[in-house]
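The next block holds one structure in the form of structure tokens; read it before the comments.
Source: prediction; values computed, not measured.
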Amino acid sequence: TKHREGLCALRGFTKDEAAAVIDCFEALRCCAPPEVSLCASDEFFLLAQREIPETEYYGEFRQLENGVGMWALLRGEMRTVLADEALLEGLRRRFPPQGERCVTLVTGKAAEALLRSFVDEWQKLWYNLKISLRGIENHFFGEAITVAGLLTGADIAAQLAGLPLGEEVLLPAACLRHEGDLTLDGMTPAALSEALGVPVRLVENSALPLLLAALGIEDNGEIT
């Protein structure tokens, strides 16, 4: 982070160094015993500008809590959802056909490209769904911090201020602390909603809940 006064200097990986890390892992994976899982984190692939691997690369996703494989897992879930014709037909019947639904979807910079691909697919299926995707820069911790889970309420509020936000703002639930209904800088979703002047809806980091939130459909337990 940018809060390193008096500490030893650190620098991030370059694009070429990130690619070298991935190549090193690939070489080691060939000779690793079955019980050992060697997976380069999502950030290395993004920094190296390489395609994120398929879900098979991550095995049992043993480091998912640390974000290793999160991109691939969410992408795989969304492919499954969008390939389910029965599910999509049910959602089409429940999505209001009159007028438009306009919302703002918030994310960190790391996931912006992935969510952009989702939004493009959704808007092909629902012509009257209008989504403004906003990747928020992390000014609190520094621009090197790109995950949604470390965004602060102040950064979100400041970067959305004055923008057309639509009916509501969809906020990753990961932005809230585990021990309470607060962002890392102590802002509640209600306070953020008041600052922005529109409702704020918390969204799980999972494909179907994300799509339902975008469509404004409440899950009554019958949607699978």
Side-chain angles (χ1 to χ4, degrees), residues 22 25 29 37-95 101 103-136 146-151 156 168-176 178 189 200-224:
I22 296 170
F25 269 66
R29 282 166 62 89
S37 179
L38 294 172
C39 308
S41 71
D42 301 17
E43 288 86 354
F44 282 109
F45 288 96
L46 294 172
L47 183 56
Q49 296 181 7
R50 291 191 181 181
E51 183 69 22
I52 299 286
E54 297 299 324
T55 53
E56 292 77 14
Y57 174 85
Y58 299 95
E60 299 176 1
F61 288 92
R62 296 174 182 172
Q63 290 293 316
L64 189 63
E65 287 295 319
N66 292 323
V68 180
M70 190 174 291
W71 177 300
L73 182 61
L74 186 57
R75 181 183 60 190
E77 289 177 351
M78 188 59 70
R79 286 174 177 171
T80 299
V81 167
L82 295 181
D84 189 334
E85 287 298 332
L87 172 62
L88 294 181
E89 182 57 32
L91 295 181
R92 290 189 190 99
R93 289 196 299 268
R94 296 182 62 174
F95 184 64
R101 172 169 166 79
V103 297
T104 296
L105 177 58
V106 170
T107 187
K109 299 301 288 186
E112 188 173 9
L114 178 62
L115 292 185
R116 173 65 62 194
S117 69
F118 292 171
V119 168
D120 290 344
E121 289 299 316
W122 298 342
Q123 293 182 149
K124 292 175 185 176
L125 294 168
W126 291 276
Y127 69 91
N128 50 346
L129 175 63
K130 308 298 180 186
I131 299 177
S132 176
L133 178 64
R134 300 291 178 182
I136 303 298
T146 59
V147 297
L150 293 178
L151 290 175
I156 296 168
E168 59 183 354
V169 169
L170 308 181
L171 181 70
C175 291
L176 301 185
H178 291 298
V200 170
R201 180 194 293 238
L202 297 177
V203 185
E204 296 177 37
N205 187 44
S206 188
L208 185 55
L210 183 59
L211 176 56
L212 293 177
L215 294 171
I217 296 175
E218 299 297 334
D219 186 356
N220 56 10
E222 299 176 359
I223 300 173
T224 57

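In plain terms, the two heavy atoms of G69 and L64 that are nearest each other are C-CD1, 4.0 Å. When all heavy atoms of V103 and A214 are compared, the closest pair comes out as CG2-O, 4.2 Å. Scanning both residues, A148 and G108, for their nearest heavy atoms gives CB-N, 3.7 Å. Contact record, C39 with Y58: SG-CA, 3.8 Å, taken as the closest heavy-atom pair. In this structure, A72 and T55 approach most closely via the heavy-atom pair O-CG2, 3.5 Å. Counting all heavy atoms, side chain and backbone alike, P53 lies closest to F45 at CG-CZ, 3.4 Å.
Between the CG atom in L73 and the OG atom in S206 there is a gap of 7.5 Å [rounded to 0.5 Å]. Between D42 atom CG and W71 atom CH2 the span is 8.0 Å, to the nearest 0.5 Å. Rounding to the nearest 0.5 Å places CG of L105 at 9.5 Å from CG of L171. The line from CD of E51 to CD of E54 is 7.5 Å long, rounded to the nearest 0.5 Å. Atom CD of E60 sits about 8.0 Å away from atom OG of S37, to the nearest 0.5 Å. Taking CG of L115 as the reference point, atom CH2 of W122 lies at 6.5 Å (rounded to 0.5 Å).
Contact check for L215 versus L211: side-chain heavy atoms found under the 4.5 Å cut-off. A 4.5 Å side-chain heavy-atom check between T107 and R134 finds every atom pair outside the cut-off. Taking the side chain as every heavy atom from C-beta outward, L125 and R92 approach each other to under 4.5 Å. The shortest side-chain heavy-atom distance between R101 and N128 does not fall under the 4.5 Å cut-off. With contacts defined as side-chain heavy-atom distances shorter than 4.5 Å, the pair L91/L212 qualifies. Using a 4.5 Å heavy-atom threshold, the side chains of R79 and R75 count as touching. Side-chain atoms of P189 and L176, non-hydrogen and from C-beta on, do get closer than 4.5 Å to each other. Contact check for L74 versus F118: side-chain heavy atoms found under the 4.5 Å cut-off.
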Give the C-alpha distance, both sets of side-chain angles, the deciding distance and a yes or no for side-chain contact (heavy atoms from CB on, under 4.5 Å) between T80 and L208.
CA-CA 10 Å; T80 299; L208 185 55; over 6 Å; no

Assess the residue pair W126 and I131 against the criterion (side-chain contact (heavy atoms from CB on, under 4.5 Å)); give the C-alpha distance rounded to whole Å, side-chain angles, the decisive distance to 0.1 Å, and a yes or no.
CA-CA 11 Å; W126 291 276; I131 299 177; over 6 Å; no

Criterion salt bridge (charged side-chain N to carboxylate O under 4.0 Å, His left out) on E218 and R201, from CA distance to verdict:
CA-CA 11 Å; E218 299 297 334; R201 180 194 293 238; 3.5 Å; yes

Checking side-chain contact (heavy atoms from CB on, under 4.5 Å) for the pair R50/I22: CA distance, chi angles, key distance, verdict?
CA-CA 9 Å; R50 291 191 181 181; I22 296 170; 3.6 Å; yes

Taking it one step at a time, do L133 and E112 satisfy side-chain contact (heavy atoms from CB on, under 4.5 Å)?
CA-CA 8 Å; L133 178 64; E112 188 173 9; 4.1 Å; yes

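Defined by atom type and a distance below 3.5 Å, a donor-acceptor pair is present between the side-chain atoms of S41 and E43.
Not less than 6.0 angstrom separates the ring centroid of Y57 from the ring centroid of F25.
Between the N205 side chain and the A173 main chain, no donor and acceptor come within less than 3.5 Å of each other. Checked by atom type and distance alone, the side chain of N66 never pairs as donor or acceptor with a backbone atom of V68 at under 3.5 Å. Of the possible donor and acceptor atoms, one in the side chain of E77 sits under 3.5 Å from a partner among the backbone N and O of A207. Here the side chain of R29 pairs a donor or acceptor atom with the backbone of L38 at under 3.5 angstrom.
Ionic pairing of R116 and E121 is not present here: no N-O contact between side-chain nitrogen and carboxylate oxygen is shorter than 4.0 angstrom.
Remark: E65 CD is loosely packed, at most 12 non-hydrogen atoms of other residues, nucleotides or ligands lying under 6.0 Å away. A 6.0 Å sphere centred on CD of E204 holds no more than 12 heavy atoms belonging to other residues, nucleotides or ligands.
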